[in-house]
Asks: 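Attaching a single structure in structure tokens format; questions to follow.
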Amino acid sequence: MQNRSSKRGEKIFSQESRAAKQDSRAMHTCEKIYTDIPIGHVQHRHTGHCRFVHGHNWSLALTLECSELDELGFVMDFGEMKFIANWISENLDHAFAFSKNDAEGLKMLAAFPHLFKPYIVENSSAEGMASHLFGVFDKLIREKTSGRAWLKSIRVGEDGKNFATFAK
């Protein structure tokens, strides 16, 4: 069946053209999860126990998206994502996330720099880390795939019990 117009000038699409139109908007996703990433932090404005220096085994779930699969039929080959694991190892593994406006935390870092692998961010909460890491990993993924794939969302977990998600 071909496309035709009705008496009122409305387009009438065949099933084939409707399916083709839907396919042009289709997106593929995949998810890669990194677990057991020890990171310390403090919530300096918190009134409860999170105001104390503490740490978590963090997890990061990255959802990648693309409109066209690669030549192997993947959004991204999981075996080719070692650049993300390497970045995590270099920057986050056994790090301490400091909020950049935490004056006491930054004084602690200045007094004892040998005790920290500092990672300074806008906000060291799970939500703040999700927002920050989205920008980091989206850029890396776009560079690695020459713009064919991107980060759709990131889910940051603290000890497998509490999670924050950031998506664009």
Asks: Please answer whether the main-chain N or O of D159 pairs with a side-chain N or O of N57 as donor and acceptor at a distance below 3.5 Å.
Replies: no
Asks: If hydrophobic clusters are built by linking Ile, Leu, Val, Met, Phe, Trp and Tyr wherever their side-chain heavy atoms come under 4.5 Å apart, do I120 and F112 end up in the same one?
Replies: yes
Asks: Tell me whether I39 is reachable from V42 by hopping between hydrophobic residues (I, L, V, M, F, W, Y) whose side-chain heavy atoms are closer than 4.5 Å.
Replies: no
Asks: A side-chain contact here means heavy atoms from C-beta on lying under 4.5 Å apart; do M27 and E65 qualify?
Replies: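 They are in side-chain contact.
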Asks: Start with the C-alpha gap between I154 and T63, add the side-chain angles, then the distance that decides, and say whether side-chain contact (heavy atoms from CB on, under 4.5 Å) holds.
Replies: CA-CA 6 Å; I154 184 169; T63 301; over 6 Å; no
Asks: Do L60 and L92 have side-chain heavy atoms sitting under 4.5 Å apart?
Replies: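 A side-chain contact under 4.5 Å exists here.
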Asks: Working to the nearest 0.5 Å, report the span between NE2 of H41 and CG of D102.
Replies: 11.5 Å
Asks: Count the heavy atoms of every other residue, nucleotide or ligand shown that sit under 6.0 Å from CD of E68, and state whether that count exceeds 12.
Replies: no
Asks: Side chains of N123 and S125: is there a donor and an acceptor less than 3.5 Å apart?
Replies: yes
Asks: Give, for atom CZ of R45 and atom OG1 of T47, the distance between the pair rounded to the nearest 0.5 Å.
Replies: 13.0 Å
Asks: Within a strict 4.5 Å, meaning less than it, do heavy atoms of the F137 and I84 side chains meet?
Replies: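 In short, these two side chains touch, coming nearer than 4.5 Å.
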Asks: Assess whether side-chain contact (heavy atoms from CB on, under 4.5 Å) is satisfied between V121 and F98, documenting all intermediate values.
Replies: CA-CA 6 Å; V121 293; F98 290 92; over 6 Å; no
Asks: Nearest 0.5 angstrom please: K32 NZ to Y34 OH, how far?
Replies: 5.0 Å
Asks: Kindly compute the distance separating CG (L140) from CG (L133), expressed to the nearest 0.5 Å.
Replies: 10.5 Å
Asks: Side chains of S99 and S124 only: does a donor on one sit below 3.5 Å from an acceptor on the other?
Replies: yes
Asks: Decide yes or no for V53 and M108: does some side-chain heavy atom of the first lie under 4.5 Å from some side-chain heavy atom of the second?
Replies: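 With C-beta onward as the side chain, the pair touches.
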Asks: Mark yes or no for whether K82, through its side chain, and G79, through its backbone, hold a donor-acceptor pair below 3.5 Å.
Replies: yes
Asks: Would you say that more than 12 heavy atoms from the other residues, nucleotides or ligands in this model lie under 6.0 Å from the CD of E31, or not?
Replies: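 Atom CD in E31 is crowded, with more than 12 foreign heavy atoms closer than 6.0 Å.
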Asks: Determine the minimum heavy-atom distance between S67 and W150, stating which atoms define it.
Replies: N-CH2, 3.8 Å
Asks: Using the six-membered ring wherever Trp is involved, compare the ring planes of W58 and H56 and label them parallel, tilted or perpendicular (cut-offs 30° and 60°).
Replies: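 Because their plane-to-plane angle is over 60°, the rings of W58 and H56 count as perpendicular.
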Asks: Would you sort out whether F74 and L69 count as a side-chain contact (heavy atoms from CB on, under 4.5 Å), showing the intermediate values?
Replies: CA-CA 5 Å; F74 298 140; L69 299 175; 5.8 Å; no
Asks: In the single-linkage hydrophobic clustering (I, L, V, M, F, W, Y; side-chain heavy atoms under 4.5 Å), do M129 and L109 co-cluster?
Replies: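 Hydrophobic grouping puts M129 apart from L109.
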Asks: Are I37 and F83 grouped together when hydrophobic residues (ILVMFWY) are joined by side-chain heavy atoms under 4.5 angstrom apart?
Replies: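 Same hydrophobic cluster.
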Asks: Would you say the side-chain atoms of H49 and H54 include a donor-acceptor pair closer than 3.5 Å?
Replies: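 H54 and H49 do not have a side-chain donor-acceptor pair below 3.5 Å.
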Asks: What's the separation between atom NZ in K152 and atom CG in D138, rounded to the nearest 0.5 Å?
Replies: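 The NZ atom of K152 sits 13.0 Å away from the CG atom of D138.
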Asks: Could you walk me through whether V136 and W87 pass the side-chain contact (heavy atoms from CB on, under 4.5 Å) test, one step at a time?
Replies: CA-CA 10 Å; V136 170; W87 189 96; 3.5 Å; yes
Asks: Quick one: does R142's side chain have a donor or acceptor within less than 3.5 Å of a partner on K139's backbone?
Replies: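 Not a single qualifying donor-acceptor pair exists.
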Asks: Any non-hydrogen side-chain atom of I33 less than 4.5 Å from a side-chain atom of L62?
Replies: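 A side-chain contact under 4.5 Å is absent here.
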Asks: Is there side-chain contact between F166 and S131, with at least one heavy-atom pair below 4.5 Å?
Replies: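 Counting from C-beta outward, F166 and S131 do come under 4.5 Å.
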Asks: Using modelled atom types only, decide if a donor and an acceptor are shared between the side chain of T145 and the backbone of I141 within a distance under 3.5 Å.
Replies: yes
Asks: Are F134 and I88 connected in the hydrophobic side-chain network, where two residues link if heavy atoms are under 4.5 Å apart?
Replies: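 Yes.
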Asks: Does V75 offer a backbone N or O that forms a donor-acceptor pair with the side chain of R148 under 3.5 Å?
Replies: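 It does hold such a pair.
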Asks: Enter the distance from D70:CG to S146:OG here, rounded to the nearest 0.5 Å.
Replies: 11.5 Å
Asks: Quick one: is the NZ or CZ of K117 closer than 6.0 Å to the six-membered ring centre of Y119, and within 45° of its axis?
Replies: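 No, cation not above the ring by the 6.0 Å, 45° rule.
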